[in-house]
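What follows is a set of notes on a single structure, which appears directly below.
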There are 2 protein chains.
Amino acid sequence: MTDKPGTLPAERRRGEGVKLVYDILRDEILDLVLPPGSPIDEIQLAERLSMSRTPIREALVRLAGEGLVTTLPNRSTVVSNIDFLNLHTFFDALTLMYRVTSRLAAQYHRPADLEQIRLRQVEFAGAVAAEDALAMIATNRDFHAAIAEAGHNPYYLSLFCRLLDEGRRILRLYYSSFEDRLPPRYAAEHDDLIAAIEARDVEAADRLATAHADQIVRQIQAMIARDRRQSITL
Amino acid sequence: MTDKPGTLPAERRRGEGVKLVYDILRDEILDLVLPPGSPIDEIQLAERLSMSRTPIREALVRLAGEGLVTTLPNRSTVVSNIDFLNLHTFFDALTLMYRVTSRLAAQYHRPADLEQIRLRQVEFAGAVAAEDALAMIATNRDFHAAIAEAGHNPYYLSLFCRLLDEGRRILRLYYSSFEDRLPPRYAAEHDDLIAAIEARDVEAADRLATAHADQIVRQIQAMIARDRRQSITL
DNA sequence: TGTATTTTCTTTGTCGACACAAAAATCGGG
DNA sequence: CCCGATTTTTGTGTCGACAAAGAAAATACA
């Protein structure tokens with residue numbers, strides 16, 4: 001159990017502690033540094049970040065609220081499992097949110113929103129050019145989150161972000177084992193979607209979002225199928 | 001500042017404290033006993049429930065995660081406001097969730113689910129018969145939550161419950177000032193919806209859910225309009 | 001040797017206390 | 001009488017400590 005680096009206990013202002021723990025844990029969970037099922041020891045974390053258990057507990061409660069960790073009463077809290085048996089519910093909700101947020105963005109976006117979306121797309125294109133699969137996952141998430149922001153519906157936004165994060169976890173699982181490549185087609189699809197939103201063409205945005213969602217769903221399903229075959233081979 | 005009754009500090013088992021505080025605050029917020037904007041004093045609550053501030057803070061963090069309270073850094077946490085300026089985003093999301101959950105229920109419900117739904121409908125009918133508007137609000141919420149359960153999609157379920165709770169808060173606001181009546185038509189609409197779900201008729205369930213959602217949205221809008229007129233008259 | 005029971009040990013849930021930040025009250029100058 | 005600076009007050013954010021609840025280990029017994 002060597003102490004993990006990069007977390008030197010520099011001076012912290014009052015109130016920053018919780019956010020720090022929350023962000024660290026969240027990143028480590030989404031990047032599978034903490035794989036599903038791994039227990040989270042409050043004391044260990046407290047020592048590692050050189051702070052009391054109180055702010056750590058608060059961060060854990062927040063994460064539990066978002067479903068990223070599961071708290072077993074009087075027992076350790078663990079990183080939530082990915083429910084592969086019910087992935088279809090995830091795909092269903094993800095596709096719907098892709099569609100709804102894209103539609104709303106086409107209807108209600110303002111200039112500043114479009115600027116943000118374009119910025120995210122540039123970042124995504126950069127990740128594609130660098131063939132950095134992990135960066136692609138992250139920037140793709142931010143791109144679609146920006147579209148959801150442009151739709152200005154906080155209810156959809158929060159559900160969509162939750163779904164995108166869960167998707168990041170799933171994708172990360174397969175990229176870490178397969179070193180796969182996202183089809184470069186994605187970047188072009190993003191450009192088309194931006195154009196539809198800018199033209200305020202709701203139906204076109206819907207179509208493109210649906211197609212994009214189907215792409216991603218199919219990709220994940222293909223990965224799982226491939227994984228299954230491999231498991232059987234072993 | 002008299003001590004509120006009904007909260008005698010009986011013996012409590014370890015781990016129950018947080019849930020107790022959470023449930024109490026949640027109910028008081030949704031029933032507008034704690035109106036939007038009212039500050040929540042941790043110390044006062046701690047004394048009232050005769051427990052430490054720690055479990056109370058944890059409950060507040062959870063409530064903040066669901067958007068029911070807002071935490072001002074280094075300042076008190078207050079009950080979240082109802083954003084009347086952006087009610088359309090609420091209506092939009094609510095309608096969509098009505099439809100989606102009803103569709104999924106028609107597709108995926110199991111016998112036990114239908115039983116639960118019927119149970120809730122009986123409760124709702126009882127509230128209608130008793131002309132108890134507040135009970136109608138609560139049982140109507142539970143009825144639709146049961147339908148969402150029958151759809152077996154946890155993502156939709158959690159968003160829908162959040163929306164239904166917010167709706168309960170809004171309706172409660174108007175019923176407390178107007179002593180209004182829910183149209184008895186609602187009960188019949190519920191029966192039709194149950195029939196469509198049982199027949200696994202997805203399209204009919206969708207139609208009925210849409211109509212039902214429109215009903216409720218129109219009712220709320222009418223209340224607001226009436227309220228506006230009254231405000232102007234003053 | 002396998003199983004039931006007791007003991008130890010780890011880790012959480014709760015507590016009281018203190019430090020700190022922001023608002024409210026107080027004070028002094030114009 | 002009003003306005004800005006200073007002090008007080010109020011209430012949060014964090015801490016270390018303790019107690020309870022399980023799990024693991026140790027022990028006893030068949």
### Query
Only one of A/Tyr156, A/Phe160, A/Phe91 clears ring-ring contact (aromatic ring centres under 6.0 Å, His included) with A/Tyr98; which?
A/Phe160

### Task
Have a look at A/Glu42 and say if it touches a base, only the backbone sugar-phosphate, or nothing, with a 4.0 Å heavy-atom cut-off.
sugar-phosphate

### Message
Mind checking if B/Ile40 touches a base, just sugar-phosphate, or nothing, with heavy atoms under 4.0 Å?
### Response
sugar-phosphate

Show me the protein contacts with nucleotides 18-25 of chain D, counting only N or O atoms at under 3.5 Å.
unit_1, atom_1, unit_2, atom_2, d
D/dA23, O4', A/Arg75, NH2, 3.3

Check the distance between [N]'s [atom2] and [X]'s [atom1] and give it to me in whole angstrom.
X       : N      : atom1 : atom2 : value
B/Ile56 : D/dT12 : CD1   : C1'   : 13 Å
A/Ile43 : D/dA17 : CD1   : C1'   : 12 Å
B/Leu49 : C/dC15 : CG    : C1'   : 15 Å
B/Lys19 : C/dT12 : NZ    : P     : 22 Å
B/Leu72 : C/dA23 : CG    : P     : 10 Å

### Contacts of B/Asp27 that satisfy salt bridge (charged side-chain N to carboxylate O under 4.0 Å, His left out) - sequence neighbours left out
none

### Task
Kindly write out the residues that satisfy salt bridge (charged side-chain N to carboxylate O under 4.0 Å, His left out) with A/Glu149, not counting sequence neighbours, or none if the list is empty.
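Salt bridge (charged side-chain N to carboxylate O under 4.0 Å, His left out) check on A/Glu149 returns nothing, list empty.
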
### Task
Assign each of A/Met51 and B/Thr77 to its nearest nucleotide of DNA chain D by heavy atoms, then name whichever residue's nucleotide is nearer the 5' end.
B/Thr77

### Query
Where do B/His190 and B/Asn140 land on the side-chain hydrogen bond (donor to acceptor under 3.5 Å, both in side chains) test, with the steps shown first?
CA-CA 9 Å; B/His190 280 189; B/Asn140 181 65; 3.0 Å; yes

#### Entry: B/Ser52 side chain, from C-beta outward: closest of C/dT12, C/dC15, D/dT14
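Nearest nucleotide to the side chain: C/dC15.
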
### Task
Could you work out which one of C/dT14, C/dT12, D/dT12 sits closest to the side chain of B/Asp41?
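Closest nucleotide among those given: D/dT12.
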
### Query
Taking only residues two or more places apart in sequence, or in another chain, which ones meet A/Asp165 in a side-chain contact (heavy atoms from CB on, under 4.5 Å)?
A/Arg26, A/Leu30, A/Arg141

### Query
Taking only residues two or more places apart in sequence or in another chain, which ones pass side-chain contact (heavy atoms from CB on, under 4.5 Å) with A/Pro73?
none

### Message
Applying side-chain hydrogen bond (donor to acceptor under 3.5 Å, both in side chains), can you list everything that pairs with B/Thr71, at least two apart in sequence or on another chain?
### Response
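Not a single residue meets the side-chain hydrogen bond (donor to acceptor under 3.5 Å, both in side chains) criterion with B/Thr71.
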
#### Entry: Whichever of A/Thr54 and A/Ser76 has its nearest DNA chain C nucleotide further upstream toward 5'
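Comparing both residues, the 5'-ward one is A/Ser76.
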
